[in-house]
Number of protein chains: 2
Amino acid sequence: MSAVSPSIQRKEREFLAREELIITHARRLLLEKGFQAWNMEELAGAVQYSKGTLYQHFTSKEDLVLEVATDALKQRADLFERASRFQGRTRERCRAIGFACCEFAANCPEYFHIEMMLKSASFWEKASEARRQAHAFQGARCWRAVNHIIVEAMAVGDLPREPYSAEQATFALVSVTVGSHLMVQEPHLRVQAGITDEMMPVRVNQDMVCDGLKWKPFLNEFDYAETDKRIVKELFPNAVNWHQALGG
Amino acid sequence: MSAVSPSIQRKEREFLAREELIITHARRLLLEKGFQAWNMEELAGAVQYSKGTLYQHFTSKEDLVLEVATDALKQRADLFERASRFQGRTRERCRAIGFACCEFAANCPEYFHIEMMLKSASFWEKASEARRQAHAFQGARCWRAVNHIIVEAMAVGDLPREPYSAEQATFALVSVTVGSHLMVQEPHLRVQAGITDEMMPVRVNQDMVCDGLKWKPFLNEFDYAETDKRIVKELFPNAVNWHQALGG
DNA sequence: AGAAATATTTGACTGACGGTCAAAATAGGG
DNA sequence: CCCTATTTTGACCGTCAGTCAAATATTTCT
């Protein structure tokens with residue numbers, strides 16, 4: 001192994017630092033303006049580099065936005081994995097993931113909007129292969145965190161193996177979560193459903209699915225309020241947005 | 001009241017016919033290519049009119065696509081309302097809506113993709129006020145169809161009023177349905193969850209939520225297979241895509 | 001029927017933007 | 001300090017949504 005010249009190392013560092021800078025500003029623009037209402041020239045101005053330099057880091061505007069999405073998804077996966085190690089019965093740990101999910105949504109408000117764009121094929125096509133794979137990888141981590149708890153719940157007998165398979169159960173939880181996050185963003189529906197807190201419905205709907213799966217202990221036979229307090233205290237001591245959730 | 005000149009009437013007819021033609025071709029292009037991979041010139045060529053003429057009908061490309069989405073949403077609302085008149089217990093009628101939802105997804109495969117675009121603010125902004133309202137109206141019809149059944153279920157005692165309000169219950173059903181439709185489209189997740197039939201998971205997840213809501217009769221205490229046969233026979237006699245759903 | 005008035009259609013044009021690349025600027029090595 | 005390699009730049013290109021003045025068609029009037 002030959003030593004790498006220090007100037008090469010420095011360049012590498014600078015390159016990575018610049019990439020971070022670009023991503024940070026892109027995230028801000030996405031949050032403030034969505035996808036259309038800014039262009040690469042504007043971003044170049046914000047980071048004090050020229051357009052051409054941006055394209056040394058990202059193959060397209062879409063590639064850059066996918067990177068922002070994947071960064072957020074990684075945070076989500078990190079939170080999920082931390083939550084899945086919560087001490088308690090399997091359904092309590094599932095609940096911890098529910099909180100993690102809401103914590104994430106509060107931290108990364110831009111995420112769900114971007115994820116919507118990713119559903120369109122043309123977006124995906126314009127991104128680089130490396131970034132596509134990175135995104136799939138972080139998505140798989142999230143899936144696995146939920147799936148592991150469900151498999152364990154079945155193993156210890158908290159969750160019946162019939163009539164739903166572990167995969168069906170995981171799919172249901174993921175679906176209701178994503179669907180709830182989406183619907184809660186819809187101003188129309190918020191009015192119709194009388195929603196004020198954005199996070200409550202997500203966890204409420206997860207509860208319904210868990211009860212529907214016959215995941216023990218059921219909502220009405222266990223003091224989940226106590227669990228919730230523990231989750232917040234142990235997993236999210238610094239978060240400030242759980243007052244309503246805990247009825248406090 | 002003065003009589004309207006026949007030539008005016010004819011013009012009106014021709015105008016509407018042309019609008020239909022444009023919408024039909026736009027729908028085809030959306031289905032074949034998504035949103036980006038075609039332009040207004042191409043559409044103009046397809047309908048044998050010039051670009052300028054298209055803009056007499058629609059204020060923007062987005063406005064046109066919103067019209068396509070709303071047409072589909074109207075079909076959805078029609079199916080929902082028809083399904084909600086199914087004869088049976090409240091939960092059976094809810095189930096009929098589940099089938100209507102899948103029938104719709106089969107008929108309008110382009111719909112969910114377009115609906116994703118509608119989540120981005122810039123899209124809404126470019127559409128005309130009239131079409132925005134039309135979309136909201138059809139959306140409200142769908143919501144109401146579900147909500148009415150739930151309100152009635154609570155009135156007749158099939159569905160407890162506690163701990164979930166009628167609005168919460170409606171919101172949960174809508175969320176799980178949309179979420180499931182979305183997730184089922186994700187190739188990754190289809191593999192991970194081992195999904196072959198695209199419609200089954202949607203209805204399965206609705207079942208979980210209904211059970212979670214304690215909507216009687218529960219899945220395991222009633223012969224819903226019989227209900228399903230009746231739903232298909234009475235509501236969708238011409239549909240061909242229910243073999244798997246009925247285990248036949 | 002023919003001319004004038006009115007309505008409709010058209011497609012060249014504009015502006016905006018994503019992406020490219022040859023030239024300019026900078027850094028590195030001797 | 002100069003020569004070479006690397007990096008940065010921004011003018012330029014192609015594309016496309018949307019506009020509008022001119023061309024064309026239709027209706028009305030005499």
If you only use heavy atoms from C-beta on, which nucleotide in dG19(C), dT27(D), dA27(C) is closest to the side chain of Lys61(A)?
dG19(C)
Of all the choices, dT19(D), dG19(C), dT8(C), which nucleotide is nearest to the side chain of Tyr55(B) once you look at every atom?
dT19(D)
Using a distance-only criterion (donor-acceptor N/O pair, under 3.5 Å, no hydrogens), is the base of dG19(C) paired with the side chain of Lys51(A)?
yes
Stepwise, does the side chain to side chain donor-acceptor pair (under 3.5 Å) test hold for His25(B) with Arg28(B)?
CA-CA 5 Å; His25(B) 279 264; Arg28(B) 180 180 53 77; 3.0 Å; yes
Report the distance from atom CD of Gln48(B) to atom P of dT9(C), rounded to the nearest whole Å.
15 Å
With nearest nucleotide decided by heavy atoms, which residue, Gly52(A) or Glu41(A), maps closer to the 5′ end of DNA chain C?
Glu41(A)
For the NZ atom of Lys61(B) and the CG atom of Leu66(B), what is their distance to the nearest 0.5 Å?
14.5 Å
Expressed as a whole number of angstroms, how long is the span from Glu125(B):CD to dA17(D):P?
18 Å
From CD of Glu42(B) across to P of dG14(D) the rounded distance in Å is 20 Å
If you only use heavy atoms from C-beta on, which nucleotide in dG19(C), dT8(C), dT6(D) is closest to the side chain of Lys11(A)?
dT6(D)
Quick check with a 6.0 Å cut-off and a 45 degree axis cone: is Arg141(B) positioned over the face of Phe80(B)'s six-membered ring?
no
Whole angstrom value for the distance that separates P of dA17(D) from CG of Leu43(B):
10 Å
Rounded to the nearest Å, what distance is computed from the CG atom of residue Leu54(A) to the P atom of nucleotide dC21(C)?
17 Å
Is Ser60(B) touching bases, backbone alone, or none of the nucleic acid, heavy atoms closer than 4.0 Å?
sugar-phosphate
Output the rounded distance in Å from CD (Glu62(A)) to P (dC17(C)).
14 Å
Grab the CE-C1' distance between Met40(B) and dT15(D) for me, whole Å please.
15 Å
Side-chain N,O (Gln56(A)) to OP1/OP2 (dT8(D)) below 4.0 Å:
yes
For Glu14(B), look at atom CD and say whether over 12 heavy atoms of other residues, nucleotides or ligands are found less than 6.0 Å away.
yes
Closest to side chain of Ser50(B), choosing from dG11(C), dA27(C), dT27(D)
dG11(C)
Closer than 4.0 Å, any side-chain N/O of Arg18(A) to the OP1 or OP2 of dT7(D)?
no
What nucleotide, of dG18(C), dG10(D), dT26(D), holds the atom closest to the side chain of Asn39(A)?
dG18(C)
Heavy-atom count check: over 12 atoms from other residues, nucleotides or ligands less than 6.0 Å from Glu32(A) CD?
yes
Less than 4.0 angstrom between a side-chain N/O of Thr53(A) and OP1 or OP2 of dT9(D), yes or no?
yes
Take the protein atom OH of Tyr49(B) and the nucleotide atom C1' of dT10(C), then report the distance between them rounded to whole Å.
13 Å
